[in-house]
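Hydrogens, waters and symmetry mates are skipped; everything else that's a heavy atom, side chains included, is used.
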Amino acid sequence: MKKFINDPADVVAQALRGLAAAHPELRVDTEEQYIVRADAPRAGKVGLVLSLIRISDGGFVGPGMLDAACPGEVFTSPVPDQILAATKAVDGGAGVVHIVKNYTGDVMNFQLAAELAADEGISVETVLVDDDVAVEDSTWTAGRRGTGATLLVEKITGARAEEGGKLGEIAALGREVNAASGSFAYALTAGTTPAAGRPGFDLPADEIEAGVGIHGEPGRRREKLRPAKDLVHSALDAILDAKSFTGPVIVLVNGLGGTPLIELYLIYGEVAAYLGERGVSIARQLVGNYVTSLDMAGMSLTLCQATDEMIRLWDAPVRTPGLRWGA
Amino acid sequence: MKKFINDPADVVAQALRGLAAAHPELRVDTEEQYIVRADAPRAGKVGLVLSLIRISDGGFVGPGMLDAACPGEVFTSPVPDQILAATKAVDGGAGVVHIVKNYTGDVMNFQLAAELAADEGISVETVLVDDDVAVEDSTWTAGRRGTGATLLVEKITGARAEEGGKLGEIAALGREVNAASGSFAYALTAGTTPAAGRPGFDLPADEIEAGVGIHGEPGRRREKLRPAKDLVHSALDAILDAKSFTGPVIVLVNGLGGTPLIELYLIYGEVAAYLGERGVSIARQLVGNYVTSLDMAGMSLTLCQATDEMIRLWDAPVRTPGLRWGA
Amino acid sequence: MDATLARDWMRAAATAIAADTDRLTRLDAAIGDGDHGVNLHRGFTAVVAALEKSPPETVSEVLVKAGTTLISRVGGASGPLYGSALRAAGKALPATAEVQPSDLVAALHAGLEAVRRLGGAAPGDKTLIDAYGPALDAFEKAVAGGAGLAEAAGAAASAAEAGAEATVPLQARKGRASYLGKRSIGHQDPGAASTSLIFQALAEVA
Amino acid sequence: MDATLARDWMRAAATAIAADTDRLTRLDAAIGDGDHGVNLHRGFTAVVAALEKSPPETVSEVLVKAGTTLISRVGGASGPLYGSALRAAGKALPATAEVQPSDLVAALHAGLEAVRRLGGAAPGDKTLIDAYGPALDAFEKAVAGGAGLAEAAGAAASAAEAGAEATVPLQARKGRASYLGKRSIGHQDPGAASTSLIFQALAEVA
Ligand SMILES: Nc1ncnc2c1ncn2[C@@H]1O[C@H](COP(=O)(O)OP(=O)(O)O)[C@@H](O)[C@H]1O
Ligand SMILES: Nc1ncnc2c1ncn2[C@@H]1O[C@H](COP(=O)(O)OP(=O)(O)O)[C@@H](O)[C@H]1O
Ligand SMILES: [Mg+2]
Ligand SMILES: [Mg+2]
Ligand SMILES: [Mg+2]
Ligand SMILES: [Mg+2]
């Protein structure tokens, strides 16, 4: 394993220290391991807390988006203590929304934290994100995973919370965005966690994993590498089969951490062309490495069938390390 | 080689099409292969054109930064025709500054383009960027390479051009920023160009390249992998030996394309700590994959000994796909 | 069982997990995200430290403290599951210095119940339940037949190991491995493997 | 040499470069950025297409058109260098249908001069000059000794190849390879290798 780290056991803590140094507009509690806006808690504002297992998501804390995020160990959900501490740090009396990606660990740890918060008199609403159409949503699985749509839920609910939206409304909006979103991902290579020290899986030189999540796990199936255009068509077909979108959609072309922008833009070109063919109009688009899986070379496509209100909130100012416009 | 592409011969053109689709606020000439701000040329505004050999740099075209960029084939400088076309597209009568990274090919192609532009009555000033202290600046080399400082030159001169700075002043400012900057880079892995189809060099599992540039070339020397802290100290020592900065500095911790943010933040933590030890104060910092080398896992550190004016211009609004704040 | 033996159990579990961290992580890499060994190693190291810092006086307190520590240090799926199991088991025990095998039967039932409530998994879903369930059955049967702790624990350990091995041909229906669909078949469930280690640790010290 | 032969030369050069694209790219990957073969292949393919589209009538025009095409299609260091060399050589020739070996000597001198002016490299800097220079010397000497085009081109080709091989032990002082310092020693310069291919192409068709 080759990484720019000091000690595999201490990567998250040290990265958090760097994040704190690089972003004085955030407050990082390196003891309890959470990140909050420096101005938190704001009286009367609904707080948004993300279950986060990648430092890059810490990049989405700030005005117009998240109030806090709490990274667990790499690919491990945070613990209830941490989540509780972050929840308390952002509660301004108007309640707190937990944005939880649908993974067994995240769900359970947040559930425990929500119970602890309720004991302390904090109203918590949970928005479960489960947009990954690669997983069948059935009793045969733990349900669809939360992937790229998390960013959309964060951005859109974050903008509404900034405007003064109430707890129930924000939670409902988050669930609406999630229900209106679908994602599908491909991996060209496995990522390597610092603790494991070797790639999560081996992949022959001409094969890829289809239907991967964002924790380095293998996908639904292994396939031969195909041209980007084919992969884009298959991914969009999977999303459009699962969710019958007609547009306008917000499109996220997302790299999983090790994919250069030149490839992501090439992919976006194919996405735009194919959605045109299928008669799905595009309202907004975002291209980059946002919802990542360490150094995995891979990409995910997310579509969100957006209402006018969602588009308005998408366009609203946001000022975070990872996403910034209008501010 | 596993990449999200269709045809290795057509990657740049197809990525440009995607960039155009994703960013309607830019105008992409896919025929001549250049990217300009949609509002170019602006009468009376000095135009800034970048020699660019990576699509991600196209991310820095927009208000407050570049007026145009022209990507060559992957790792190949653009051709004079392209540069001339971009130069004409952004000339609003106040002249054009060419920001050229110091590589033989870039220098020669821009020189030919500048001669052609002069023939057409356009005043061109050239700012040569050569910040990479890994290369000895002597008659034994083609001179120091242009790397991370390019982003600083683009941002700072771009802000001044937006304010109405004159041609000679912008060029002088660009040269001042370049002279005040130093960079050093490490690679953990080689990148793979689509055309070559295999990594540029082989690197054993425990070795890294020290002193690499941003075109996939091997570095000055091969070293054993060391903890991030050690690498940061060596890189900063190299920069501070070559340029005697005392601060305030603008710091860029830059990933070469395949380096996850968690590592870049960890690195920034070490940078901040070590600059503190060496008594160099930090005015501003930027952490991310900005000046990249395809999918190379690597990082570069850039320091710029900044004047108050440079810091003011650094803070000025910028609105490009790759860098955006205050707008 | 007294508090000392309960602490020895936790220590033995920590040692076994430390030795098998890599194996557990590999099992998890095959059908999950490759952190199970590291997660439990971090957790049980913290458990041992917590128990050493202020040694509880009763078995009940040992297990509650161990569970609480796992919940607040592990994260992931295994933290809440193992943590809640140990907490529930501890809370089900009498607050006496010594507890009987029959008390432990009830406690282990409470633990399993907590796992099922929290995770919603059924037997055969390819989770730690598939080692825990058979182990508890064997323990209960042995105690009902008059066996002492050592003998009952031995029976539980064997059953847990067999249960873990029996997860290999199953298709996962819960947890991260369920995303793989049929591809989860042919691999042992990492949680079942670690459950087997924990029952083996009990058999060792009992 | 007439325009037809000049076009044949460019076509033969394109064929040789196409066949050796991979070798040139590998040489460039070792001490540069691994694009030299691809660069020249793209360029000479365009040259052949341009010459076929509207075949020039004179050798001078063939070389100027080839050079212009390389400049506007290749990029990198090799585009301006080879392009300027061919343009300068073409411009140095008389605008006659047929040119003599002695005209070509003068033209090749002009081409080398253009490369040196643009790139600033001296002999021994481990660049294409280290193949071009010896080739030109040999060509000139042969012509001075009364040799015809075929014989002179053959001598140039051998000298170019020897020159290219002689770059192996050199340390690069110009171009991308110079960044490597001493590590550039032990590898053949890709530009010298492609120059040798171009002189070989002349010897083939002459
Ligand atoms: N719903 C569930 N019920 C019971 N056990 C579960 C459930 N989900 C997962 N597990 C167990 O947890 C183990 C994985 O633990 P771990 O790798 O530490 O967590 P994560 O999956 O969050 O990375 C699985 O092997 C399985 O035995
Ligand atoms: N200053 C120079 N003078 C002469 N030839 C040079 C010079 N710099 C580079 N070259 C030649 O160019 C070759 C590299 O060409 P190429 O790989 O196409 O361009 P780039 O270096 O821009 O990638 C080198 O092998 C060398 O022969
Ligand atoms: Mg995990
Ligand atoms: Mg090149
Ligand atoms: Mg796991
Ligand atoms: Mg090259």
Side-chain angles (χ1 to χ4, degrees), chain A residues 1-7 11-12 14-22 54-56 58-59 74 186 188-189 191 203 205-206 208 225 227-229 231 253 257-273 285 287 289 292 294-295 297 299 319 321-322 324-327, chain B residues 1-7 11-12 14-22 54-56 58-59 74 186 188-189 191 203 205-206 208 225 227-229 231 253 257-273 285 287 289 292 294-295 297 299 319 321-322 324-327:
Chain A
M1 170 184 56
K2 286 195 278 188
K3 288 186 183 295
F4 293 115
I5 59 175
N6 295 311
D7 174 358
V11 172
V12 172
Q14 294 190 1
L16 275 179
R17 273 200 287 279
L19 184 76
R54 51 194 58 72
I55 293 291
S56 56
V74 173
Y186 286 103
L188 301 181
T189 64
L203 209 44
D206 60 340
I208 63 176
L225 177 63
K229 187 175 184 164
L231 295 176
V253 171
T259 309
L261 265 182
I262 187 170
E263 295 175 43
L264 297 179
Y265 276 121
L266 188 149
I267 287 166
Y268 183 73
E270 300 297 350
V271 168
Q285 62 281 324
V287 179
N289 283 283
T292 57
L294 289 177
D295 53 347
M299 65 96 168
R319 183 181 180 154
R324 187 165 174 180
W325 55 68
Chain B
M1 169 183 57
K2 287 196 278 190
K3 288 187 183 296
F4 294 114
I5 60 174
N6 295 310
D7 174 358
V11 172
V12 173
Q14 294 189 1
L16 275 179
R17 273 200 287 280
L19 184 76
R54 51 193 59 72
I55 292 291
S56 57
V74 173
Y186 287 102
L188 301 181
T189 64
L203 209 45
D206 61 340
I208 62 176
L225 177 62
K229 188 174 183 163
L231 296 176
V253 172
T259 309
L261 265 181
I262 187 170
E263 295 175 42
L264 296 180
Y265 276 122
L266 189 150
I267 288 166
Y268 183 73
E270 300 298 349
V271 169
Q285 62 281 326
V287 179
N289 283 283
T292 58
L294 289 176
D295 53 348
M299 65 95 169
R319 183 180 180 154
R324 186 164 174 181
W325 54 67

- Proximity breakdown for A/Ile267 and chain B, heavy-atom pairs closer than 4.5 Å: side chain
- Please list, chain by chain and in numerical order, all residues satisfying side chain to side chain donor-acceptor pair (under 3.5 Å) with B/Gln285, sequence neighbours excluded. B/Tyr268
- Query: If you count the non-hydrogen atoms of other residues, nucleotides and ligands that lie under 6.0 Å from NZ in A/Lys229, is the total more than 12?
  - Reply: no
- Item | Proximal component of A/Ala327, with respect to chain B [non-hydrogen, under 4.5 Å] | backbone
- Give, as side chain, backbone, both or neither, the part of A/Leu16 having an atom under 4.5 angstrom from any heavy atom of chain B. neither
- Item | Residue pair B/Ile262 / A/Thr292, side-chain heavy-atom distance below 4.5 Å | no
- Task: Check whether any side-chain heavy atom of A/Asn289 lies under 4.5 Å from a side-chain heavy atom of B/Asn289, and answer yes or no.
- Result: no
- Item | Under 4.5 Å from a heavy atom of chain B, the part of A/Ala21 involved | both
- Residue selection (most heavy-atom pairs with chain B, distance under 4.5 Å) from A/Met299, A/Arg17, A/Glu270, A/Met1: A/Met299
- Among A/Leu225, A/Asp7, A/Ile5, A/Asp295, which residue forms the greatest number of heavy-atom pairs with chain B at distances under 4.5 Å? A/Ile5
- Note on the structure: Of all heavy-atom pairs linking A/Phe4 and B/Tyr186, the shortest is CZ-O, 4.0 Å
- What is the minimum heavy-atom distance between B/Ala297 and B/Thr189, and which atoms define it? N-OG1, 3.1 Å
- Can you find a heavy atom in the side chain of A/Leu266 that is under 4.5 Å from one in the side chain of B/Lys3? no
- Among A/Ala205, A/Ala272, A/Ala273, residue most engaged with chain B (heavy-atom pairs, under 4.5 Å): A/Ala205
- Select one option (side chain, backbone, both, neither) describing which atoms of A/Val11 are under 4.5 Å from chain B's heavy atoms. both
- Note on the structure: Under 4.5 Å to a heavy atom of chain B? For A/Leu231 that would be side chain
- Message: For the interface with chain A, which of B/Pro321, B/Gly269, B/Gly258, B/Pro227 has the highest count of heavy-atom pairs at distances below 4.5 Å?
- Response: B/Pro227
